[in-house]
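All values derive from a computational prediction rather than experimental measurement. The chains referred to below are lettered A, B, ... by the order of the sequence lines, with proteins before strands, and numbering in each begins at 1.
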2 protein chains.
Amino acid sequence: MNTETQIMEAAKKVFLEKGFDGTRMQNIADVAQINKSLLHYYYRSKEKLFDAVFNDTFSKFVPQVLGILNNELPLREKFILFAKAYSKMFFENPFIPSFILHELNRHPEKIVSYIKQGGTLKNSAEIPKVFFDQINKEIEQGNIRPMAPCQIIVNLLSLTIFPFVARPIIEGVILNFANIEYNSFINERIDLIPSIMMESLKPVV
Amino acid sequence: MNTETQIMEAAKKVFLEKGFDGTRMQNIADVAQINKSLLHYYYRSKEKLFDAVFNDTFSKFVPQVLGILNNELPLREKFILFAKAYSKMFFENPFIPSFILHELNRHPEKIVSYIKQGGTLKNSAEIPKVFFDQINKEIEQGNIRPMAPCQIIVNLLSLTIFPFVARPIIEGVILNFANIEYNSFINERIDLIPSIMMESLKPVV
DNA sequence: GTCTATATTGTGATAGAC
DNA sequence: GTCTATCACAATATAGAC
(Lines give C-alpha, C1' and ligand atoms only; values in the text may rest on other atoms or scores of the structure.)
Protein backbone atom coordinates (compact mmCIF):
# COMPACT_ATOMS: atom_id res chain seq x y z
CA MET A 1 0.00 0.00 0.00
CA ASN A 2 1.54 3.28 -1.09
CA THR A 3 1.63 6.44 0.97
CA GLU A 4 -1.15 8.23 -0.84
CA THR A 5 -3.77 5.55 -0.28
CA GLN A 6 -2.47 5.08 3.25
CA ILE A 7 -3.25 8.74 3.88
CA MET A 8 -6.64 8.45 2.25
CA GLU A 9 -7.61 5.48 4.39
CA ALA A 10 -6.54 7.26 7.55
CA ALA A 11 -8.26 10.49 6.53
CA LYS A 12 -11.51 8.61 5.92
CA LYS A 13 -11.38 7.05 9.35
CA VAL A 14 -10.75 10.28 11.19
CA PHE A 15 -12.93 12.65 9.15
CA LEU A 16 -15.87 10.24 9.18
CA GLU A 17 -15.77 9.92 12.93
CA LYS A 18 -14.95 13.47 13.94
CA GLY A 19 -16.11 15.65 11.07
CA PHE A 20 -14.10 18.40 9.42
CA ASP A 21 -14.00 20.75 12.40
CA GLY A 22 -13.20 18.02 14.90
CA THR A 23 -10.34 16.56 12.89
CA ARG A 24 -6.66 17.42 13.42
CA MET A 25 -4.13 16.84 10.67
CA GLN A 26 -1.76 15.40 13.25
CA ASN A 27 -4.43 12.84 14.13
CA ILE A 28 -4.67 11.68 10.53
CA ALA A 29 -0.89 11.46 10.29
CA ASP A 30 -0.78 9.33 13.44
CA VAL A 31 -3.39 6.92 12.11
CA ALA A 32 -1.59 6.71 8.76
CA GLN A 33 1.70 6.27 10.64
CA ILE A 34 3.44 8.86 8.52
CA ASN A 35 4.82 12.33 8.94
CA LYS A 36 2.43 15.25 9.15
CA SER A 37 4.04 17.18 6.32
CA LEU A 38 3.34 14.35 3.91
CA LEU A 39 -0.34 15.17 4.18
CA HIS A 40 0.38 18.55 2.64
CA TYR A 41 2.76 17.07 0.12
CA TYR A 42 0.01 14.84 -1.27
CA TYR A 43 -3.07 16.94 -0.66
CA ARG A 44 -1.96 20.58 -0.29
CA SER A 45 -4.47 21.50 2.41
CA LYS A 46 -6.85 20.09 5.00
CA GLU A 47 -9.82 21.21 2.94
CA LYS A 48 -8.62 19.51 -0.23
CA LEU A 49 -8.00 16.30 1.67
CA PHE A 50 -11.45 16.56 3.20
CA ASP A 51 -13.09 17.15 -0.16
CA ALA A 52 -11.44 14.04 -1.52
CA VAL A 53 -12.81 12.04 1.41
CA PHE A 54 -16.25 13.59 1.21
CA ASN A 55 -16.69 13.11 -2.51
CA ASP A 56 -15.51 9.54 -2.31
CA THR A 57 -17.91 8.76 0.53
CA PHE A 58 -20.81 10.59 -1.05
CA SER A 59 -20.17 8.70 -4.27
CA LYS A 60 -20.87 5.43 -2.52
CA PHE A 61 -23.95 6.84 -0.90
CA VAL A 62 -26.26 8.59 -3.32
CA PRO A 63 -25.75 6.74 -6.61
CA GLN A 64 -26.49 3.38 -4.96
CA VAL A 65 -29.85 4.75 -3.84
CA LEU A 66 -30.70 5.90 -7.29
CA GLY A 67 -29.26 2.76 -8.81
CA ILE A 68 -31.57 0.44 -6.90
CA LEU A 69 -34.59 2.63 -7.53
CA ASN A 70 -33.73 2.67 -11.20
CA ASN A 71 -33.67 -0.99 -12.08
CA GLU A 72 -36.54 -2.93 -13.58
CA LEU A 73 -37.77 -4.78 -10.51
CA PRO A 74 -41.31 -4.47 -9.15
CA LEU A 75 -41.79 -2.04 -6.25
CA ARG A 76 -41.75 -4.57 -3.45
CA GLU A 77 -38.48 -6.08 -4.66
CA LYS A 78 -36.88 -2.66 -4.85
CA PHE A 79 -37.84 -1.91 -1.26
CA ILE A 80 -36.52 -5.26 -0.07
CA LEU A 81 -33.28 -4.81 -1.95
CA PHE A 82 -32.89 -1.26 -0.72
CA ALA A 83 -33.50 -1.95 2.96
CA LYS A 84 -31.12 -4.88 2.91
CA ALA A 85 -28.30 -3.22 0.99
CA TYR A 86 -28.30 -0.02 3.01
CA SER A 87 -28.74 -1.60 6.41
CA LYS A 88 -25.78 -3.82 5.66
CA MET A 89 -23.69 -0.92 4.40
CA PHE A 90 -24.40 1.27 7.44
CA PHE A 91 -23.87 -1.60 9.76
CA GLU A 92 -20.36 -1.96 8.39
CA ASN A 93 -19.73 1.80 8.13
CA PRO A 94 -21.71 3.27 11.00
CA PHE A 95 -20.30 6.79 10.64
CA ILE A 96 -21.28 7.39 7.03
CA PRO A 97 -24.84 8.67 7.42
CA SER A 98 -24.16 10.99 10.32
CA PHE A 99 -21.01 12.28 8.63
CA ILE A 100 -22.69 13.11 5.35
CA LEU A 101 -25.73 14.68 6.93
CA HIS A 102 -23.70 16.83 9.29
CA GLU A 103 -21.28 18.10 6.68
CA LEU A 104 -24.07 18.80 4.23
CA ASN A 105 -25.93 20.82 6.84
CA ARG A 106 -22.80 22.85 7.55
CA HIS A 107 -21.92 23.26 3.87
CA PRO A 108 -24.95 22.66 1.65
CA GLU A 109 -23.03 24.14 -1.27
CA LYS A 110 -20.89 21.00 -1.33
CA ILE A 111 -23.77 19.19 -3.01
CA VAL A 112 -23.70 21.65 -5.85
CA SER A 113 -19.94 21.53 -6.20
CA TYR A 114 -20.08 17.75 -6.08
CA ILE A 115 -22.63 17.56 -8.86
CA LYS A 116 -20.74 20.06 -11.00
CA GLN A 117 -17.42 18.39 -10.34
CA GLY A 118 -18.89 15.27 -11.92
CA GLY A 119 -18.77 12.42 -9.46
CA THR A 120 -21.12 9.57 -10.11
CA LEU A 121 -24.09 11.79 -9.43
CA LYS A 122 -23.83 13.65 -12.68
CA ASN A 123 -24.79 10.61 -14.66
CA SER A 124 -27.33 9.40 -12.17
CA ALA A 125 -29.06 12.76 -11.81
CA GLU A 126 -31.61 11.61 -14.33
CA ILE A 127 -32.09 8.25 -12.73
CA PRO A 128 -35.06 8.96 -10.44
CA LYS A 129 -37.03 9.44 -13.62
CA VAL A 130 -37.38 5.67 -14.02
CA PHE A 131 -38.70 5.34 -10.49
CA PHE A 132 -41.04 8.28 -10.95
CA ASP A 133 -42.46 6.78 -14.12
CA GLN A 134 -42.92 3.42 -12.45
CA ILE A 135 -44.87 5.02 -9.58
CA ASN A 136 -47.05 7.10 -11.85
CA LYS A 137 -47.82 4.08 -13.99
CA GLU A 138 -48.78 1.97 -10.98
CA ILE A 139 -51.04 4.74 -9.73
CA GLU A 140 -52.66 5.10 -13.13
CA GLN A 141 -53.36 1.38 -13.22
CA GLY A 142 -54.84 1.52 -9.73
CA ASN A 143 -52.25 -0.89 -8.32
CA ILE A 144 -51.15 1.54 -5.60
CA ARG A 145 -52.76 4.53 -3.96
CA PRO A 146 -51.85 7.99 -5.25
CA MET A 147 -48.78 9.38 -3.52
CA ALA A 148 -46.08 11.80 -4.65
CA PRO A 149 -42.98 9.82 -5.70
CA CYS A 150 -40.79 12.20 -3.69
CA GLN A 151 -42.71 11.31 -0.54
CA ILE A 152 -42.24 7.63 -1.24
CA ILE A 153 -38.49 8.02 -1.67
CA VAL A 154 -38.17 10.09 1.49
CA ASN A 155 -40.25 7.57 3.44
CA LEU A 156 -37.91 4.81 2.35
CA LEU A 157 -34.80 6.83 3.15
CA SER A 158 -36.18 7.91 6.51
CA LEU A 159 -37.14 4.46 7.70
CA THR A 160 -33.81 3.01 6.58
CA ILE A 161 -31.28 5.67 7.48
CA PHE A 162 -32.65 7.41 10.56
CA PRO A 163 -32.14 4.45 12.92
CA PHE A 164 -28.42 4.69 12.19
CA VAL A 165 -28.14 8.43 12.59
CA ALA A 166 -30.04 8.38 15.86
CA ARG A 167 -28.41 5.27 17.26
CA PRO A 168 -27.35 6.82 20.59
CA ILE A 169 -30.87 8.01 21.36
CA ILE A 170 -32.55 4.85 20.16
CA GLU A 171 -30.12 2.58 21.94
CA GLY A 172 -29.73 4.67 25.08
CA VAL A 173 -33.32 5.66 25.64
CA ILE A 174 -35.84 3.60 23.69
CA LEU A 175 -34.21 0.17 23.39
CA ASN A 176 -32.66 0.43 26.81
CA PHE A 177 -36.12 0.78 28.30
CA ALA A 178 -37.42 -2.26 26.43
CA ASN A 179 -34.24 -4.24 27.01
CA ILE A 180 -33.63 -4.93 23.32
CA GLU A 181 -30.30 -5.27 21.52
CA TYR A 182 -29.53 -2.74 18.78
CA ASN A 183 -28.38 -5.45 16.36
CA SER A 184 -31.52 -7.50 16.53
CA PHE A 185 -33.58 -4.32 16.37
CA ILE A 186 -31.97 -3.38 13.06
CA ASN A 187 -32.29 -6.90 11.70
CA GLU A 188 -35.98 -6.86 12.46
CA ARG A 189 -36.31 -3.62 10.52
CA ILE A 190 -34.86 -5.06 7.33
CA ASP A 191 -38.03 -7.08 6.85
CA LEU A 192 -40.29 -4.50 8.42
CA ILE A 193 -39.41 -1.59 6.15
CA PRO A 194 -40.54 -3.09 2.81
CA SER A 195 -43.72 -4.23 4.51
CA ILE A 196 -44.48 -0.71 5.80
CA MET A 197 -43.70 0.79 2.42
CA MET A 198 -46.10 -1.59 0.66
CA GLU A 199 -48.86 -1.13 3.21
CA SER A 200 -48.63 2.63 2.84
CA LEU A 201 -49.25 2.19 -0.89
CA LYS A 202 -52.11 -0.27 -0.76
CA PRO A 203 -54.93 1.06 -2.93
CA VAL A 204 -57.93 2.39 -1.01
CA VAL A 205 -60.95 0.22 -1.71
CA MET B 1 -32.18 41.26 29.19
CA ASN B 2 -29.20 40.65 31.46
CA THR B 3 -25.77 39.56 30.32
CA GLU B 4 -26.10 35.94 31.30
CA THR B 5 -29.21 35.27 29.21
CA GLN B 6 -27.74 37.37 26.42
CA ILE B 7 -24.78 35.01 26.35
CA MET B 8 -27.03 31.97 26.49
CA GLU B 9 -29.11 33.15 23.54
CA ALA B 10 -26.01 33.87 21.48
CA ALA B 11 -24.41 30.57 22.45
CA LYS B 12 -27.51 28.67 21.37
CA LYS B 13 -27.49 30.35 17.99
CA VAL B 14 -23.85 29.66 17.26
CA PHE B 15 -23.52 26.18 18.79
CA LEU B 16 -26.71 24.96 17.12
CA GLU B 17 -25.54 26.05 13.72
CA LYS B 18 -21.85 25.16 13.89
CA GLY B 19 -21.61 22.45 16.53
CA PHE B 20 -19.09 22.34 19.36
CA ASP B 21 -15.99 21.92 17.21
CA GLY B 22 -16.99 24.55 14.68
CA THR B 23 -17.81 27.21 17.27
CA ARG B 24 -15.41 29.95 18.37
CA MET B 25 -15.88 31.71 21.69
CA GLN B 26 -15.16 35.00 19.94
CA ASN B 27 -18.03 34.28 17.59
CA ILE B 28 -20.44 33.85 20.49
CA ALA B 29 -19.18 37.05 22.09
CA ASP B 30 -19.74 38.94 18.84
CA VAL B 31 -23.31 37.70 18.52
CA ALA B 32 -24.00 38.53 22.17
CA GLN B 33 -22.32 41.91 21.65
CA ILE B 34 -20.22 41.56 24.76
CA ASN B 35 -16.60 41.04 25.66
CA LYS B 36 -15.07 37.62 25.19
CA SER B 37 -13.87 37.31 28.78
CA LEU B 38 -17.41 37.63 30.05
CA LEU B 39 -18.13 34.22 28.60
CA HIS B 40 -15.61 32.72 31.00
CA TYR B 41 -16.80 34.89 33.86
CA TYR B 42 -20.30 33.43 33.57
CA TYR B 43 -19.60 29.92 32.30
CA ARG B 44 -15.96 29.13 33.19
CA SER B 45 -15.22 27.18 29.99
CA LYS B 46 -16.39 26.51 26.45
CA GLU B 47 -17.42 23.02 27.42
CA LYS B 48 -19.54 24.14 30.36
CA LEU B 49 -21.26 26.71 28.17
CA PHE B 50 -21.88 24.07 25.57
CA ASP B 51 -23.31 21.64 28.08
CA ALA B 52 -25.76 24.28 29.25
CA VAL B 53 -26.88 24.83 25.66
CA PHE B 54 -27.06 21.13 24.87
CA ASN B 55 -29.04 20.15 27.95
CA ASP B 56 -31.46 23.00 27.42
CA THR B 57 -32.01 22.03 23.78
CA PHE B 58 -32.23 18.34 24.52
CA SER B 59 -34.80 19.09 27.21
CA LYS B 60 -37.13 20.54 24.64
CA PHE B 61 -36.59 17.62 22.36
CA VAL B 62 -36.94 14.26 24.03
CA PRO B 63 -39.52 14.85 26.79
CA GLN B 64 -42.00 16.29 24.31
CA VAL B 65 -41.81 13.06 22.31
CA LEU B 66 -42.47 10.99 25.35
CA GLY B 67 -45.08 13.44 26.57
CA ILE B 68 -47.23 13.11 23.48
CA LEU B 69 -46.86 9.34 23.38
CA ASN B 70 -47.85 9.18 27.01
CA ASN B 71 -51.23 10.89 27.03
CA GLU B 72 -54.57 9.15 26.88
CA LEU B 73 -55.48 9.71 23.23
CA PRO B 74 -56.10 6.91 20.75
CA LEU B 75 -53.18 5.96 18.51
CA ARG B 76 -54.24 7.88 15.44
CA GLU B 77 -54.64 11.12 17.42
CA LYS B 78 -51.21 10.68 18.94
CA PHE B 79 -49.62 10.31 15.53
CA ILE B 80 -51.45 13.37 14.20
CA LEU B 81 -50.46 15.45 17.21
CA PHE B 82 -46.88 14.25 17.02
CA ALA B 83 -46.34 14.91 13.33
CA LYS B 84 -47.85 18.37 13.63
CA ALA B 85 -46.04 19.46 16.79
CA TYR B 86 -42.62 18.31 15.68
CA SER B 87 -42.83 19.47 12.11
CA LYS B 88 -43.78 22.92 13.39
CA MET B 89 -41.00 22.92 15.95
CA PHE B 90 -38.30 21.92 13.46
CA PHE B 91 -39.61 24.32 10.93
CA GLU B 92 -39.03 27.12 13.41
CA ASN B 93 -35.74 25.70 14.71
CA PRO B 94 -34.20 23.98 11.72
CA PHE B 95 -30.83 23.32 13.36
CA ILE B 96 -32.10 21.38 16.36
CA PRO B 97 -32.31 17.85 14.94
CA SER B 98 -29.01 17.91 13.12
CA PHE B 99 -27.29 19.50 16.12
CA ILE B 100 -28.51 16.94 18.62
CA LEU B 101 -27.84 13.97 16.40
CA HIS B 102 -24.34 15.10 15.50
CA GLU B 103 -23.28 15.89 19.04
CA LEU B 104 -24.74 12.65 20.35
CA ASN B 105 -22.83 10.68 17.77
CA ARG B 106 -19.61 12.45 18.76
CA HIS B 107 -20.29 12.13 22.48
CA PRO B 108 -22.82 9.40 23.21
CA GLU B 109 -21.91 9.60 26.87
CA LYS B 110 -23.70 12.95 27.07
CA ILE B 111 -27.01 11.08 27.08
CA VAL B 112 -25.99 9.24 30.19
CA SER B 113 -24.68 12.35 31.90
CA TYR B 114 -27.85 14.17 30.91
CA ILE B 115 -30.09 11.51 32.39
CA LYS B 116 -28.05 11.30 35.58
CA GLN B 117 -27.84 15.05 35.91
CA GLY B 118 -31.63 15.07 36.07
CA GLY B 119 -33.02 17.20 33.32
CA THR B 120 -36.59 16.53 32.33
CA LEU B 121 -35.70 13.10 31.10
CA LYS B 122 -35.26 11.64 34.54
CA ASN B 123 -38.95 11.92 35.26
CA SER B 124 -40.04 10.96 31.79
CA ALA B 125 -37.77 7.92 31.56
CA GLU B 126 -40.69 5.81 32.64
CA ILE B 127 -43.11 7.45 30.24
CA PRO B 128 -42.86 5.11 27.23
CA LYS B 129 -44.44 2.51 29.48
CA VAL B 130 -47.87 4.02 28.87
CA PHE B 131 -47.36 3.87 25.11
CA PHE B 132 -46.01 0.34 25.31
CA ASP B 133 -49.02 -0.80 27.30
CA GLN B 134 -51.38 0.86 24.87
CA ILE B 135 -49.77 -0.92 21.92
CA ASN B 136 -49.74 -4.28 23.60
CA LYS B 137 -53.37 -3.90 24.57
CA GLU B 138 -54.40 -2.96 21.03
CA ILE B 139 -52.53 -5.96 19.67
CA GLU B 140 -54.14 -8.26 22.20
CA GLN B 141 -57.59 -7.03 21.19
CA GLY B 142 -56.73 -7.52 17.54
CA ASN B 143 -57.19 -3.84 16.70
CA ILE B 144 -53.70 -3.54 15.22
CA ARG B 145 -51.24 -6.01 13.79
CA PRO B 146 -48.46 -7.27 16.05
CA MET B 147 -45.41 -5.01 15.96
CA ALA B 148 -42.74 -4.22 18.54
CA PRO B 149 -43.56 -0.87 20.20
CA CYS B 150 -39.93 0.23 19.74
CA GLN B 151 -40.26 -0.24 16.00
CA ILE B 152 -43.40 1.87 15.98
CA ILE B 153 -41.74 4.71 17.87
CA VAL B 154 -38.70 4.63 15.61
CA ASN B 155 -40.92 4.60 12.51
CA LEU B 156 -42.68 7.70 13.75
CA LEU B 157 -39.44 9.46 14.65
CA SER B 158 -37.84 8.52 11.34
CA LEU B 159 -40.66 9.72 9.14
CA THR B 160 -40.96 12.98 11.07
CA ILE B 161 -37.38 13.96 11.82
CA PHE B 162 -35.33 12.64 8.91
CA PRO B 163 -36.70 15.08 6.32
CA PHE B 164 -35.29 17.91 8.43
CA VAL B 165 -31.89 16.34 9.01
CA ALA B 166 -31.48 15.53 5.35
CA ARG B 167 -32.90 18.76 4.00
CA PRO B 168 -29.93 19.60 1.75
CA ILE B 169 -30.04 16.24 0.00
CA ILE B 170 -33.82 16.16 -0.25
CA GLU B 171 -34.06 19.72 -1.45
CA GLY B 172 -30.99 19.70 -3.66
CA VAL B 173 -31.39 16.32 -5.30
CA ILE B 174 -34.85 14.81 -4.94
CA LEU B 175 -37.17 17.81 -4.83
CA ASN B 176 -35.05 19.75 -7.27
CA PHE B 177 -35.58 17.00 -9.81
CA ALA B 178 -39.36 17.02 -9.33
CA ASN B 179 -39.51 20.81 -9.08
CA ILE B 180 -41.24 20.84 -5.70
CA GLU B 181 -40.87 23.42 -2.89
CA TYR B 182 -39.47 22.17 0.41
CA ASN B 183 -42.17 23.95 2.42
CA SER B 184 -45.10 22.38 0.63
CA PHE B 185 -43.33 19.03 0.71
CA ILE B 186 -43.12 19.16 4.50
CA ASN B 187 -46.71 20.35 4.82
CA GLU B 188 -47.87 17.43 2.76
CA ARG B 189 -46.02 15.09 5.10
CA ILE B 190 -47.84 16.31 8.20
CA ASP B 191 -50.99 14.55 7.00
CA LEU B 192 -49.14 11.73 5.31
CA ILE B 193 -47.19 10.50 8.34
CA PRO B 194 -50.16 9.56 10.58
CA SER B 195 -51.74 7.86 7.62
CA ILE B 196 -48.64 5.75 6.95
CA MET B 197 -48.35 4.89 10.62
CA MET B 198 -51.95 3.68 10.77
CA GLU B 199 -51.71 1.70 7.54
CA SER B 200 -48.61 -0.06 8.80
CA LEU B 201 -50.62 -1.20 11.84
CA LYS B 202 -53.79 -2.34 10.10
CA PRO B 203 -54.61 -5.86 11.28
CA VAL B 204 -54.00 -8.61 8.74
CA VAL B 205 -57.29 -10.20 7.79
C1' DG C 1 -19.30 43.12 36.39
C1' DT C 2 -16.75 44.58 32.57
C1' DC C 3 -12.77 45.71 30.14
C1' DT C 4 -7.58 45.30 28.23
C1' DA C 5 -3.67 42.77 27.95
C1' DT C 6 -1.40 38.57 27.91
C1' DA C 7 -0.26 33.80 28.83
C1' DT C 8 -0.25 29.29 26.76
C1' DT C 9 -1.05 25.98 23.87
C1' DG C 10 -2.76 24.13 19.51
C1' DT C 11 -2.83 23.88 14.50
C1' DG C 12 -2.43 24.36 9.50
C1' DA C 13 1.11 25.12 6.54
C1' DT C 14 5.91 25.73 4.61
C1' DA C 15 11.17 25.73 4.12
C1' DG C 16 14.91 23.16 3.49
C1' DA C 17 18.11 19.18 4.56
C1' DC C 18 18.65 14.52 3.13
C1' DG D 1 9.51 11.27 -1.24
C1' DT D 2 10.29 11.78 3.50
C1' DC D 3 11.95 13.94 7.48
C1' DT D 4 12.98 17.97 11.09
C1' DA D 5 12.38 22.46 12.34
C1' DT D 6 9.78 26.31 12.42
C1' DC D 7 6.58 30.01 11.10
C1' DA D 8 2.30 32.45 11.69
C1' DC D 9 -1.69 32.79 13.58
C1' DA D 10 -5.87 31.16 15.95
C1' DA D 11 -8.18 29.92 20.19
C1' DT D 12 -9.12 28.99 25.05
C1' DA D 13 -8.30 30.82 29.18
C1' DT D 14 -6.66 33.95 32.92
C1' DA D 15 -4.65 38.17 35.44
C1' DG D 16 -5.46 42.38 36.89
C1' DA D 17 -6.97 47.36 36.29
C1' DC D 18 -11.12 49.96 36.70
Novice: Could you list all N or O pairs between the protein and nucleotides 15-18 of chain C that sit under 3.5 Å apart?
Specialist:
none

Novice: Could you measure the distance from the CG atom of Leu16(A) to the OG1 atom of Thr57(A)? Nearest 0.5 Å is fine.
Specialist: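 So the CG of Leu16(A) and the OG1 of Thr57(A) are separated by 4.5 Å.
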
Novice: Check for me whether the distance between the ring centres of Phe95(A) and Phe99(A) falls short of 6.0 Å.
Specialist: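 No.
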
Novice: Write down the distance between CD1 (Ile28(B)) and C1' (dA13(D)), rounded to a whole number of angstrom.
Specialist: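 The answer, rounded to whole Å, is 14 Å.
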
Novice: I need the Gln64(B) CD to Leu69(B) CG distance, nearest 0.5 Å.
Specialist: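 With rounding to 0.5 Å, CD (Gln64(B)) is 11.5 Å from CG (Leu69(B)).
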
Novice: Are His40(B) and dT14(D) close enough that a side-chain N or O sits under 4.0 Å from OP1 or OP2?
Specialist: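 For dT14(D), neither OP1 nor OP2 has a side-chain N or O of His40(B) closer than 4.0 Å.
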
Novice: For Arg24(B) and dA13(D), give me the distance from atom CZ to atom P, rounded to whole Å.
Specialist: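 It works out to 12 Å between those atoms.
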
Novice: I need the CD1-P distance between Ile34(B) and dT4(C), as an integer number of Å.
Specialist: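 It is 12 Å, rounded to the nearest whole Å.
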
Novice: Would you be so kind as to tabulate the donor-acceptor pairs closer than 3.5 Å made by side chains of residues 163-180 of chain B, with sequence neighbours excluded?
Specialist:
unit_1    : atom_1 : unit_2    : atom_2 : d
Arg167(B) : NE     : Glu171(B) : OE1    : 2.9
Arg167(B) : NH2    : Glu171(B) : OE2    : 3.3

Novice: Establish, from distance only, whether the side-chain atoms of Gln151(B) and Asn155(B) form a donor-acceptor pair under 3.5 Å.
Specialist: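 No pair is found: no donor N or O on one side chain lies under 3.5 Å from an acceptor on the other.
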
Novice: Tell me the salt bridge (charged side-chain N to carboxylate O under 4.0 Å, His left out) pairs involving residues 71-81 of chain A, sequence neighbours left out?
Specialist: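 Qualifying pairs: none.
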
Novice: Please report the distance, rounded to the nearest Å, between CG in Asn2(A) and P in dG1(D).
Specialist: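 Rounded to whole Å, this separation is 9 Å.
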
Novice: To the nearest Å, give me how far apart CG (Asp21(A)) and P (dG10(C)) are.
Specialist: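 Distance check: Asp21(A) CG to dG10(C) P gives 19 Å.
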
Novice: Using the test ring pair (Phe, Tyr, Trp, His ring centres under 6.0 Å), find all partners of Phe82(B) that sit at least two apart in sequence or belong to another chain.
Specialist: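 Partners of Phe82(B) by the ring pair (Phe, Tyr, Trp, His ring centres under 6.0 Å) criterion, ordered by chain and then number, come out as Tyr86(B).
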
Novice: Please report the distance, rounded to the nearest Å, between CG in Leu38(A) and C1' in dT2(D).
Specialist: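 About 5 Å, once rounded to whole Å.
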
Novice: Measure the distance from CG on Asp30(A) to C1' on dT11(C) and round it to the nearest whole Å.
Specialist: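 Whole-Å distance recorded here is 13 Å.
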
Novice: Please set out all donor-acceptor pairs under 3.5 angstrom arising from side-chain atoms of residues 39-48 of chain A, sequence neighbours excluded.
Specialist:
unit_1   : atom_1 : unit_2   : atom_2 : d
Ser45(A) : OG     : Lys48(A) : N      : 3.2
Lys46(A) : NZ     : Phe20(A) : O      : 3.0
Lys46(A) : NZ     : Thr23(A) : O      : 2.9

Novice: Is it true that Phe50(B) and Phe15(B) have ring centroids separated by less than 6.0 Å?
Specialist: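 Yes: the rings meet the under 6.0 Å criterion.
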
Novice: Rounded to whole Å, how long is the line connecting atom CG of Asn35(A) with atom P of dG12(C)?
Specialist: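 Between P of dG12(C) and CG of Asn35(A): 14 Å.
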
Novice: Using a cut-off of strictly less than 4.0 Å between a heavy atom of the residue and any atom of DNA chain C, enumerate the qualifying residues of residues 41-51 of chain B by number.
Specialist: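 Here the set is Tyr41(B), Tyr42(B).
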
